[in-house]
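I'd like to ask you about the structure that follows.
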Protein chains: 2
Amino acid sequence: MRDVASRSADPKGSRNGNGAPQLDAVSLAIIEQLQQDGRRPYAAIGKAVGLSEAAVRQRVQKLLDQGVMQIVAVTDPLTVGFRRQAMVGINAEGDLDPVANALTAMPEVEYVVMTAGSFDLLAEVVCEDDDQLLDVINKRIRAIPGVRSTESFVYLKLKKQTYMWGTR
Amino acid sequence: MRDVASRSADPKGSRNGNGAPQLDAVSLAIIEQLQQDGRRPYAAIGKAVGLSEAAVRQRVQKLLDQGVMQIVAVTDPLTVGFRRQAMVGINAEGDLDPVANALTAMPEVEYVVMTAGSFDLLAEVVCEDDDQLLDVINKRIRAIPGVRSTESFVYLKLKKQTYMWGTR
DNA sequence: CGCCAGATCTGCGAAATCCGTGAACTTCGA
DNA sequence: TCGAAGTTCACGGATTTCGCAGATCTGGCG
């Protein structure tokens with residue numbers, strides 16, 4: 001059972017240009033196992049990827065410590081009481097980093113990304129009701145220094161949301 | 001240690017208008033625990049929310065079965081080898097459902113949502129390189145029947161991504 | 001080529017956790 | 001009041017996790 005990668009390279013150490021740890025095939029296989037079930041026992045994972053239980057445990061711990069992955073419960077926002085969501089496209093002037101940081105600091109903002117295109121930033125907002133959504137978008141986000149304009153896309157229906165990167 | 005909710009109501013059964021199971025305070029507290037660490041032992045969770053280990057186990061199993069939450073490993077796409085991402089705004093004619101379903105069927109599309117605003121749909125695309133991204137956006141998405149136009153926002157830098165709904 | 005240093009893997013007890021089960025308890029409606 | 005359904009608790013055995021020491025592998029250097 002030594003199948004995934006015949007004991008080749010560097011499960012963690014080296015980092016590519018982005019500062020991101022480079023993953024070998026075995027770690028990738030471990031991640032795939034945990035993407036299917038975050039609570040799968042180390043022994044079962046080891047059997048699947050061809051490693052001992054202890055080795056899997058060490059690799060998982062390292063991946064967590066490095067921040068490569070996290071094992072968490074993800075929920076359907078609607079079920080947990082958040083009934084209004086929106087994507088907000090933002091245009092700003094000057095350095096975008098302070099603006100992005102201000103967005104990041106807001107707990108209602110789930111997702112912030114700098115983009116190329118007709119928006120400088122995209123931010124996903126998760127709220128409990130319309131009042132809160134209005135407050136966040138029209139008061140708090142527009143009040144951030146440097147923000148020139150915003151455009152909102154209120155979610156009508158979420159059709160797909162996966163966490164299966166690498167499991168294709 | 002009977003703090004979160006004094007043994008009140010309906011851990012699952014009833015469903016609100018959306019068909020989503022209604023959660024009580026205890027289940028919410030359990031979810032928060034698992035959002036912090038998806039592998040936290042049931043006994044530790046029970047101590048935190050005021051329930052026995054077995055009760056926590058059964059509630060977690062039920063939440064998973066109902067699809068209210070899933071416990072999974074989430075990764076940084078860059079680390080796992082996906083170096084190009086984009087949000088794609090889409091305008092279409094006629095019924096949006098077939099278009100959304102076509103997007104959902106594409107493995108490179110991570111996220112599909114129907115929106116109100118100047119786009120009918122938003123789709124997040126995760127690719128390994130520019131070639132694949134171009135192929136997905138300009139060939140596959142634009143080829144979907146009903147799609148009238150698209151606008152792409154290539155990700156330059158991901159600033160925030162959390163999974164802490166309900167943990168505020 | 002040989003050796004060292006660092007990192008990774010394995011094997012193995014001990015402790016903790018997971019899991020199924022049956023009984024007690026609560027709620028709700030007949 | 002009684003019964004059905006749903007939840008919780010207690011408990012014992014199987015499984016898993018955890019920490020550690022020794023074996024193995026990799027890469028650099030004289």
Side-chain angles (χ1 to χ4, degrees), chain A residues 1-16 19-31 33-34 36-73 79, chain B residues 1-16 19-31 33-34 36-73 79:
Chain A
M1 192 160 302
R2 188 53 38 82
D3 25 9
V4 173
S6 33
R7 194 62 42 149
S8 54
D10 196 2
K12 67 161 180 181
S14 68
R15 289 165 177 268
N16 61 22
Q22 197 71 355
L23 302 180
D24 67 354
V26 178
S27 289
L28 226 43
I30 291 174
I31 291 175
Q33 294 287 317
L34 290 171
Q36 294 170 28
D37 176 5
R39 274 181 169 260
R40 183 162 299 170
Y42 295 132
I45 299 173
K47 203 163 298 181
V49 307
L51 232 55
S52 72
E53 175 268 338
V56 172
R57 178 155 38 93
Q58 291 171 355
R59 282 195 182 227
V60 168
Q61 191 55 53
K62 194 159 341 191
L63 291 170
L64 294 174
D65 291 341
Q66 290 175 156
V68 173
M69 73 171 179
Q70 42 185 331
I71 299 175
V72 295
T79 306
Chain B
M1 193 163 303
R2 188 53 40 82
D3 25 9
V4 172
S6 34
R7 193 62 40 139
S8 55
D10 194 5
K12 67 160 180 184
S14 67
R15 287 164 178 270
N16 61 22
Q22 198 70 353
L23 303 180
D24 67 355
V26 178
S27 289
L28 227 43
I30 292 175
I31 291 175
Q33 293 288 318
L34 289 170
Q36 294 169 27
D37 175 6
R39 274 182 169 260
R40 184 163 298 170
Y42 295 131
I45 298 173
K47 202 164 301 182
V49 307
L51 232 56
S52 72
E53 176 267 342
V56 172
R57 177 155 37 93
Q58 285 172 223
R59 287 173 90 122
V60 168
Q61 191 55 53
K62 195 161 336 190
L63 290 170
L64 295 173
D65 291 342
Q66 289 175 156
V68 173
M69 72 170 180
Q70 42 184 331
I71 300 175
V72 294
T79 307

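What you see below is based on every heavy atom in this structure, not just the backbone, and it leaves out hydrogens, waters and symmetry mates. So that the names make sense, note that chain A is the first sequence line, chain B the second, and so on, each numbered from 1.
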Distance, nearest 0.5 Å, that separates CG of Leu51(B) from CD1 of Ile45(B) |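 Result: 10.5 Å between the selected atoms.
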
Evaluate the side-chain proximity of Gln61(B) to Val56(B): yes if any heavy-atom separation is below 4.5 Å, no if none is.
->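 They are not in contact (no side-chain heavy atoms under 4.5 Å apart), so the answer is no.
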
Please give, in whole Å, the distance from dG11(C) P to Leu51(A) CG?
->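 The answer, rounded to whole Å, is 11 Å.
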
Once you round it to whole Å, what is the distance between C1' of dT16(D) and CD of Gln33(A)?
->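 From Gln33(A) CD to dT16(D) C1': 16 Å.
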
Between the axis at one end of the helix from dC1(C)-dG30(D) to dA30(C)-dT1(D) and the axis at the other (five pairs apiece), what's the angle to 10 degrees?
->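 The end axes of the helix from dC1(C)-dG30(D) to dA30(C)-dT1(D) are about 30° apart, to the nearest 10°.
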
Rounded to the nearest 0.5 Å, what's the gap from CZ on Arg40(A) to CD1 on Ile30(A)? Could you check?
->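 Taking CZ in Arg40(A) and CD1 in Ile30(A), the distance rounds to 12.5 Å.
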
Provide, to the nearest angstrom, the distance between the CD atom belonging to Gln61(A) and the C1' atom belonging to dG19(D).
->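 Distance check: Gln61(A) CD to dG19(D) C1' gives 13 Å.
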
CG-CG distance between Leu63(A) and Leu23(A), expressed to the nearest 0.5 angstrom =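 Rounded to the nearest 0.5 Å, the CG-CG separation comes to 6.5 Å.
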
What residues form a side-chain hydrogen bond (donor to acceptor under 3.5 Å, both in side chains) with Glu53(A), not counting sequence neighbours?
->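 Scan of Glu53(A) (side-chain hydrogen bond (donor to acceptor under 3.5 Å, both in side chains), adjacent residues dropped) gives Arg57(A).
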
Base versus backbone protein contacts along nucleotides 16-23 of chain C [heavy-atom cut-off under 4.0 Å; B, S, -] = -SSBB---

Side chain to side chain, Val72(B) and Ile71(A), heavy atoms closer than 4.5 Å |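 No, their side chains stay 4.5 Å or more apart.
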
Atom pair CG/CD of Leu34(B) and Gln70(B) - distance to nearest 0.5 Å |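 Answer for the CG-CD pair, Leu34(B) versus Gln70(B), is 12.5 Å.
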
Over how many whole Å does the gap from Ile30(A) atom CD1 to dC9(C) atom C1' extend?
->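 Result: 12 Å.
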
Are Lys62(B) and dG6(D) close enough that a side-chain N or O sits under 4.0 Å from OP1 or OP2?
->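 Answer is no, no contact under 4.0 Å.
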
Could you verify whether a donor N or O on one side chain and an acceptor N or O on the other, from Asp37(B) and Gln33(B), lie under 3.5 Å apart?
->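 Looking only at side-chain atoms, Gln33(B) and Asp37(B) do not form any donor-acceptor pair under 3.5 Å.
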
